[in-house]
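Since the structure comes first, as structure tokens, the remarks are kept for the end.
Order of appearance sets the numbers: ligands from 1, and atoms from 1 within every ligand. As the structure is a computational prediction, the values presented were derived from the model and not from experiment. Atoms considered below: every heavy atom in the structure, side chains included; atoms not considered: hydrogens, waters and symmetry mates.
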Amino acid sequence: MSTPFAISADFVAAHNAGLEAATMEDYDALKRALQRRVVDAEAVVRQVMTFGVAIPTWGVGTGGTRFARFPGPGEPRNIFEKLDDCGVIHGLGRATPTVSPHIPWDKVADYAELRERAALHGLGFDAINSNTFQDQPGQRLSYKFGSLSHADKAVRDQAVAHNLECIEIGRRLGSRALTVWIADGSNFAGQSNLTTAFDRYLEAMAGIVAALPADWHVFLEHKLYEPAFYATVISDWGTSFAAAQELGPKARCLVDLGHHAPNVNIEQIVARLVRFKKLAGFHFNDSKYGDDDLDAGSVEPFRLFLVFNELIDAERRKADGFAPAYMIDQSHNVTDPIESLIQSAIELQRAYAQALLVDRTALEAAQEANDALGAHLELKRAFTTDVSPLLAVARLRSGGAIAPLAAYRASGYRACKTKERPAVAGTSAGIV
Ligand code: RM4
Ligand code: MN
Ligand code: MN
């Protein structure tokens, strides 16, 4: 087999050369404007350079809806090819240094080989995700009526065993967290006992927590509905928080931005979880109606900014136990997933950078003086600042592309992969 096509450093450098002068001009103007606000642009660039968000392996395949999936050309056909695509995203954007695998979708015979392939792209592994929301070929017992909360203890045991296997795989990959999202719940009132189901979940989870290595955490992911449409067992942050309290310090609550009741104040939930040392991290995406899995920052960028505002607030006051894990969790149905992931990481960095611009002394003074509008405008001033040149400079200094999307399109990567990767039947791709 010939060597697969990769975007070379020379190509990126040549692409950057054409954009550098204009970018620096814009950056210098922004730097001067920020200086008047006593904000050191260079310090913000340095912080942005440290920002990292994990890519979910399933995100580089085209997603679908429950109606159809329209596969894209040159999709990765296995985890190694998925890592190659993650390498492109990180190579150009320099904001996605880790990958979050999903088991059994990403199962391989040799995990050392997987780790090596990731390292080749400068990638490491973040939280490992278990999957008891589907039946796998050859699986002994079905998850049709639940997994960790199933009425039959044998099914619960099987689901626990799967999670233990995930921990073992994660250990070999260098992960330090297990994310557990279960699809358990009911579609009819009365279908299951709401209390018993939660008790069973807690008991099963306790077995998983007991098996975690000393430096590991388990991230509990709640979701309001789907596929269970009457009641999910871990439905909201209150349930997740109660479970995490009961399961002890290794258990924390994951916030997937699409998994809440409509109009709920997510940034306030974040503040509460930070306060009680229970914020595990995020699954970033955006939504209009429900768990839409749209690209981060594409629908409600102000909400995203407000979430980051809470995170920076926690960081600044050195909140005890504050170490959130960031991951993107999206379904790319109509875009090239690589493009969506590159852009989403930029939108996350944008919200992060904007939140860094908030004058926290002025904000606090306005809050203490009951100056409602003044306090609000402190946030708005940061949010309406165009930090694009600052992000471009951060990327350039980290060895990435000034304009990652344009560079990706100009590279011809997808066209090359279309030739190299003829579609195979039954390819596991994005979320369907
Ligand atoms: C769920 C949830 C999980 C993800 C699956 C594929 O809705 O967001 O995080 O693992 O989708
Ligand atoms: Mn999620
Ligand atoms: Mn989801």
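Aromatic ring centres of Tyr143 and Phe133 lie farther apart than the 6.0 Å criterion allows. For Phe51 and Tyr352, the gap between ring centers is short of 6.0 Å. Taking the six-membered ring for Trp and the full ring otherwise, the centers of Phe383 and Phe308 sit at least 6.0 Å from each other. Taking the six-membered ring for Trp and the full ring otherwise, the centers of His283 and His259 sit at least 6.0 Å from each other.
Salt-bridge formation is detected for the pair Arg117/Asp84: a Lys NZ or Arg NE/NH1/NH2 atom is positioned less than 4.0 Å from an Asp or Glu carboxylate oxygen. Between Glu75 and Arg421 there is no salt bridge, since none of the side-chain N atoms of the basic residue sits less than 4.0 Å from a carboxylate O of the acidic one. Taking a cutoff of 4.0 Å between a charged side-chain nitrogen and a carboxylate oxygen, Asp256 and Lys223 do not qualify as a salt bridge.
With ligand atoms numbered from 1 in the order given, ligand 1 contributes 8 (O) to contacts under 4.0 Å with heavy atoms of Asp256. Short contacts between ligand 1 and Asp291, defined as distances under 4.0 Å to a heavy atom of the residue, involve ligand atoms 7 (O). Of all the atoms in ligand 1, the ones that sit under 4.0 Å from a non-hydrogen atom of His259 are 2 (C), 7 (O), 8 (O). Distances below 4.0 Å separate heavy atoms of Asp329 from the following atoms of ligand 1: 2 (C), 3 (C), 4 (C), 8 (O), 9 (O). Atom numbering of ligand 1 starts at 1 in the shown order; those under 4.0 Å from a heavy atom of Lys223 are 7 (O). Which parts of ligand 1 touch His283 is read off a 4.0 Å heavy-atom cut-off, strictly below it: atoms 9 (O). Close contacts between ligand 1 and His102 involve ligand atoms 10 (O) [criterion: under 4.0 Å to a heavy atom].
The aromatic rings of Phe305 and Phe302 sit parallel to each other, their planes meeting at less than 30°, with 60° as the upper class boundary.
Here the N, O or S atom of Asp291 that is nearest to the Mn ion (ligand 3) is OD2.
At a cut-off of 3.5 Å, with distance as the only test, a side-chain donor of His332 or Gln330 sits close to an acceptor on the other residue.
Applying the side-chain hydrogen bond (donor to acceptor under 3.5 Å, both in side chains) test to residues at least two apart or on different chains, none of the pairs has a partner in residues 197-215.
Here the protein contributes Glu221 OE2, Asp256 OD2, His283 ND1, Asp329 OD2 as N, O or S atoms under 2.8 Å from the Mn ion (ligand 2).
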